[in-house]
**Q** 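Questions regarding the structure given below will be posed in turn.
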2 protein chains.
Amino acid sequence: MPLSPSPTARGEQAKAQLIAAGLELFSEKGAQTATTREIARLAGQNIAAIFYYFGSKEGLYLAVAQWIADFIQQANQPLMVEVDALLAHSPADPEQCRAYIIKSLMSFTELLTNKETLNLSKILSREQLMPTEAYQLIHRQTIAPLHQRFTRLVAGYTGCDPSATATILHTHALLGEMLSFRMARETILLRTGWDDMGPPQVTLIKQILAQHIDWVLNGLRADRARVQANHHE
Amino acid sequence: MPLSPSPTARGEQAKAQLIAAGLELFSEKGAQTATTREIARLAGQNIAAIFYYFGSKEGLYLAVAQWIADFIQQANQPLMVEVDALLAHSPADPEQCRAYIIKSLMSFTELLTNKETLNLSKILSREQLMPTEAYQLIHRQTIAPLHQRFTRLVAGYTGCDPSATATILHTHALLGEMLSFRMARETILLRTGWDDMGPPQVTLIKQILAQHIDWVLNGLRADRARVQANHHE
DNA sequence: GTCTATAGTCGGATAGAC
DNA sequence: GTCTATCCGACTATAGAC
């Protein structure tokens, strides 16, 4: 056993540091504007290492995207396992669906307002503007499964068809309330006069989102009941 | 009178064409990635014209930002004049506030899903990620006044304090539902299977947003009435 | 595997002819 | 006012020493 880390371990560490630096700079400046020089410097690695380990700047960008997908996946897995167990029974218990809708959205909000995920969500925002291969990768592996489960929970509580476009849109609109606090972050900071989004601000945002969820879900459920009553008369 | 346009008119036309080309390419590729050469080519102008008329690439970018501010201002002015007339009376009529909330949000949605404003909103999205002087300019001139009026309408219907942070957040969350259809455009396209957001899609989105507005506003109003009842008991 | 040196390209900006 | 030619810096990527 050598005293210094094995070559493989050193390589793995170099890759990890380049991915971390890439996440930082790609999110801050965008994939085209961030330079390999600066990434290498921040990672404490040589410029040539990027090309040795990832083939190209774009290769590093895709590795960063995969890291993001893994991170989101891992952060939501415990909750999603419970949701899957609930949704395995059909029809799922409406009150439990409602509880998990709130729990999931609060968890997403916590994750999205966390400082450590700011760079991650900046890359996702950029990918919405200029979708590349990276968005497909992240969408397929994480966004779509999360979005789909959330839609099925909404359907489970309200009685809507989980595959209907309207149900998807209702769900997306609800998620949009949460997203707007990250994607229109600058607007909300200027309007409220906050200089940052810390724990007290997030607490307030979560309270407001929880109220909106209730109002929209109950509205949707009542509407659904009304439609079915009309259908049976 | 010369047959050819006067020098001033030619200069104005050159500036307008450079701004149009800048809007197109800055939105598509971002301020750093878009090149002066390509902008000049698309505008049918010489590269040197950018520096002659705007001093620098950044000068052109700020001129594009001012064009966007003017566009948003002009597009909303007729409605905002009516809203100002309504809000001049204190307290404003709640039912009229409600009508204008829906009217405004439908108008914003129409504007935001319009193909001609796609590039405009891409620049705004980018400015949320990497705020520059341009965002301050647009925010102060247009976003803040619109956001503030919308907040006052919500306050007018629900009885909330228009300057309370909670009211601003409730309003922002509601606007966020609409924004998410533009800012998370790629997600919604992949989830619904739409290949575009055309008139039929926008109609469906507007229906759904109108329902959510009703549910949230009535929830907020009932909540406010409950709080006041507790206060008086 | 890791680094230095450098090739090759393209960017913003300018000087100076017309 | 308008255009061409060009400077100069910075970028990605690679060749080749170690």
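Every value quoted in this text rests on a predicted model; they were computed, and no experiment measured them. Both backbone and side-chain heavy atoms feed into the values below; hydrogens, waters and symmetry mates do not. To find a chain, count down the sequence lines: A is the first, B the second, and so on, and within it residues start at 1.
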**Q** Parallel, tilted or perpendicular: which describes the rings of B:Phe150 and B:Phe108, with under 30° parallel and over 60° perpendicular?
**A**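 Tilted, since the angle between the ring planes falls between 30° and 60°.
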**Q** Provide, to the nearest angstrom, the distance between the OH atom belonging to B:Tyr52 and the P atom belonging to D:dT4.
**A**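 Nearest whole value for this atom pair: 17 Å.
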**Q** Say whether B:Arg191 and A:Thr151, considering side chains only, have a donor N or O and an acceptor N or O under 3.5 Å apart.
**A**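 Distance-only check passes for B:Arg191 and A:Thr151.
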**Q** Would you mind reading off the distance between A:Lys15 atom NZ and C:dT2 atom P, rounded to a whole angstrom?
**A**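 A:Lys15 atom NZ is separated from C:dT2 atom P by 11 Å.
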**Q** Over how many whole Å does the gap from A:Glu38 atom CD to D:dA10 atom C1' extend?
**A**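 Answer to the nearest Å: 12 Å.
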**Q** Within the 4.0 Å limit for protein heavy atoms, which parts of nucleotides 7-14 of chain C are touched? Write it as a string from 5' to 3', B for base, S for sugar-phosphate only, - for none.
**A** ----BBBB
**Q** Using whole Å, report how far CG of A:Asn46 lies from P of D:dA15.
**A**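 After rounding, the gap between these two atoms is 16 Å.
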**Q** As an exercise, state the distance from CZ of A:Phe181 to OG1 of A:Thr113, rounded to the nearest 0.5 Å.
**A**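 Answer for the CZ-OG1 pair, A:Phe181 versus A:Thr113, is 10.5 Å.
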**Q** Going by the rule salt bridge (charged side-chain N to carboxylate O under 4.0 Å, His left out), which residues pair with A:Arg152 if we only count those two or more places apart in sequence or in a different chain?
**A**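 If we apply the salt bridge (charged side-chain N to carboxylate O under 4.0 Å, His left out) test to A:Arg152, skipping adjacent residues, there are no hits.
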**Q** Between A:Thr35 (side chain) and A:Glu38 (backbone), is there a donor-acceptor pair under 3.5 Å?
**A**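 Yes, the answer is positive, given that a donor and an acceptor are paired below the 3.5 Å cut-off.
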**Q** Going from CG on B:Leu169 to NZ on A:Lys206, what distance comes out if it is rounded to the nearest 0.5 angstrom?
**A**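 Here the rounded value is 14.5 Å.
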**Q** Measure from CG on A:Leu18 to P on C:dC3 and round the result to the nearest Å.
**A**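 Atom-to-atom, A:Leu18 to C:dC3, this comes out as 11 Å.
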